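Values below: every heavy atom of this structure, side chains too, minus hydrogens, waters and symmetry copies. Quick caveat, the model's predicted, so the values are computed rather than measured.
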Amino acid sequence: MKADASLKQRYEAVRARIAAAAVHRGHRADDILLTVVTKLASIDQIRELIALGHMDFGESRVQTLLHRAAQIDEFMQRHRQLSSGRLVNLPDQVRWHMIGHLQRNKVRKVLGMVRLIHSVDSLRLAEEIQVAAARRDEPVELLVQVNTSGEKMKSGVAPAAACHLIEQIDTMMNIRPRGLMCMGPLVQDPQLARPTFERCHEIFEDIRSAEVGGEQFDILSMGMSNDFEVAIECGANIVRVGSAIFGSPLSAEDPSDIP
Ligand SMILES: *Cc1c(COP(=O)(O)O)cnc(C)c1O
């Protein structure tokens with residue numbers, strides 16, 4: 001594994017910005033979970049973050065998620081054998097988050113590998129997950145994606161439909177609604193994302209106060225590289241950050257891509 005000082009620095013800078021935004025809102029840094037989005041990362045970069053103690057990673061495509069989860073699994077096992085579990089920083093396990101659009105025919109494949117599905121956007125998808133989850137010991141935890149930016153290209157249920165979908169999911173035995181996810185609009189100025197995040201937070205609080213999603217309805221996943229601080233100010237407790245840590249697609253310095 002090649003040491004990549006700048007990756008560590010960028011990771012720590014993002015953590016510091018999250019902590020500052022959390023404190024600004026009167027929370028502790030630990031109240032906000034950073035999901036590192038690895039779609040621009042090399043496998044070595046993911047390993048380096050794991051060695052720094054990071055556990056939560058997100059992928060937007062099922063195939064990539066499965067591939068990376070398998071590679072990382074192997075890496076963890078090898079390390080455990082080499083160090084008899086005593087490597088200082090290495091976490092016990094890595095948690096994968098499915099953050100992108102999930103097709104119903106991929107549900108079965110991804111179920112055993114993910115800690116949280118962020119992107120449930122229809123009753124049919126929820127039902128598919130329920131059927132597949134019925135064969136498992138533990139309920140599958142998920143978020144409902146809400147389209148609060150109003151952009152037609154974005155997936156997610158309409159704001160007015162979110163509460164009812166949560167209600168329906170809550171009646172299904174083997175899946176558990178944990179909260180909401182939304183994406184900010186694609187804009188340069190992160191402040192322009194604020195109304196989108198505020199709207200999502202409002203829907204989240206409405207559902208909570210109506211006690212629709214049950215006691216464990218407590219996750220609000222919003223904010224990416226460009227707008228995570230604004231999202232935290234608006235109540236996010238999971239942020240999904242990729243390019244601020246790994247570099248933008250244009251400036252990506254993935255060593256494995258260099259011939
Ligand atoms: C890619 C992606 C992210 C991370 O975006 P960055 O701008 O690279 O931080 C977050 N959420 C979803 C759903 C994504 O697809």
Taking all heavy atoms of S119 and all of L125, pick out the closest pair and write down the distance.
O-CD2, 4.0 Å
Just checking, is any N or O donor in the side chain of H118 or S221 under 3.5 Å from an acceptor N or O on the other one?
yes
Is L165 reachable from L102 through a run of hydrophobic residues whose side-chain heavy atoms are each under 4.5 Å from the next?
yes
Shortest non-hydrogen contact from R240 to M181?
NH1-CG, 3.3 Å
Sorted by chain and number, sequence neighbours left out, ring-ring contact (aromatic ring centres under 6.0 Å, His included) with F204 holds for F217
Crowded around E138 CD? As in, over 12 foreign heavy atoms under 6.0 Å?
no
Does the side chain of R28 reach to within under 4.5 Å of the side chain of V23, using non-hydrogen atoms?
no
Can you find a pair of side-chain heavy atoms, one from V110 and one from L65, that are under 4.5 Å apart?
yes
Do the two ring centres, one from H201 and one from F197, sit under 6.0 Å apart?
no
Would you check if I129 and L111 make a side-chain contact, meaning some heavy-atom pair closer than 4.5 Å?
yes
Smallest separation among heavy atoms of T196 and T148, with atom names:
O-OG1, 3.0 Å
I want to check something: taking the side chain as every heavy atom from C-beta on, are V140 and R176 in contact at a cut-off of under 4.5 Å?
no
Tell me, which pairs form a salt bridge (charged side-chain N to carboxylate O under 4.0 Å, His left out) where one or both residues lie in residues 113-124, sequence neighbours left out?
R115-E141
So, taking the atom named CZ in R17 and the one named CD1 in I232, what distance separates them when rounded to the nearest 0.5 Å?
9.5 Å
Can you check side-chain contact (heavy atoms from CB on, under 4.5 Å) on L143 and I117, steps first, answer last?
CA-CA 6 Å; L143 309 179; I117 300 171; over 6 Å; no
Minimum heavy-atom separation for C200 and L180, please, with both atom names.
O-CD1, 3.9 Å
Would you say L49 ends up clustered with L33 if hydrophobic residues are merged whenever their side chains have heavy atoms under 4.5 Å apart, either directly or through other cluster members?
no
Can you find a heavy atom in the side chain of I219 that is under 4.5 Å from one in the side chain of L116?
yes
Can you sort out the partners of R15 under side chain to side chain contact (heavy atoms under 4.5 Å, CB included), two or more places apart, ordered by chain and number?
Y11, L34, H54
Nearest-0.5 Å distance that lies between atom CZ in R25 and atom CG in N237:
9.5 Å
Let me check something: do V239 and M55 share a hydrophobic cluster, defined by ILVMFWY side-chain heavy atoms less than 4.5 Å apart, either directly or through other members?
no
Quick check: does any side chain N or O of N147 sit under 3.5 Å from a backbone N or O of G150, one acting as donor and the other as acceptor?
yes
Between Q45 (side chain only) and S42 (backbone N and O only), is there a donor and an acceptor less than 3.5 Å apart?
yes
Tell me whether N226 contacts the main-chain N or O of V187 through its side chain, where contact means a donor paired with an acceptor under 3.5 Å.
yes
Out of curiosity, does M183 fall in the hydrophobic cluster containing V146 (side-chain heavy atoms, cut-off under 4.5 Å, transitive links)?
no
Looking only at heavy atoms, what is the nearest atom pair of A236 and I32, with distance?
O-CD1, 3.4 Å
Check: L142 and R178 side chains under 4.5 Å, non-hydrogen atoms:
no
Please report the interatomic distance CG(D73) to CE(M113), rounded to the nearest 0.5 Å.
6.0 Å
Test side-chain hydrogen bond (donor to acceptor under 3.5 Å, both in side chains) on S243 and S225; report intermediate values, then the result.
CA-CA 6 Å; S243 52; S225 292; 3.2 Å; yes
How long is the straight-line distance from OG of S122 back to CD of Q145, given to the nearest 0.5 Å?
11.0 Å
Rounded to the nearest 0.5 Å, what's the gap from CE on M98 to OG on S60? Could you check?
6.5 Å
Salt-bridge present (R68, E59; N to O < 4.0 Å)
yes
If you measure from CD1 on I166 to CG on D206, what distance do you get to the nearest 0.5 Å?
12.5 Å
Are P185 and L192 side-chain neighbours, meaning at least one heavy-atom pair lies under 4.5 Å?
no
side-chain contact (heavy atoms from CB on, under 4.5 Å) evaluation trace for V241 with M224
CA-CA 5 Å; V241 179; M224 318 197 322; 5.9 Å; no
Same cluster or not: are L66 and I43 linked, directly or through other Ile, Leu, Val, Met, Phe, Trp or Tyr residues, by side-chain heavy atoms under 4.5 angstrom apart?
yes
Residue pair R194, D189: steps toward the side-chain contact (heavy atoms from CB on, under 4.5 Å) verdict:
CA-CA 10 Å; R194 189 177 290 274; D189 178 3; over 6 Å; no
Search all heavy atoms of G247 against all heavy atoms of L40 and return the closest pair with its distance.
O-CD1, 3.3 Å
Check whether any side-chain heavy atom of M76 sits under 4.5 Å from a side-chain heavy atom of I50, and report yes or no.
yes
Start with the C-alpha distance between Q103 and V62, add both sets of side-chain angles, then the distance that settles side-chain contact (heavy atoms from CB on, under 4.5 Å), and finish with yes or no.
CA-CA 9 Å; Q103 288 169 292; V62 169; over 6 Å; no
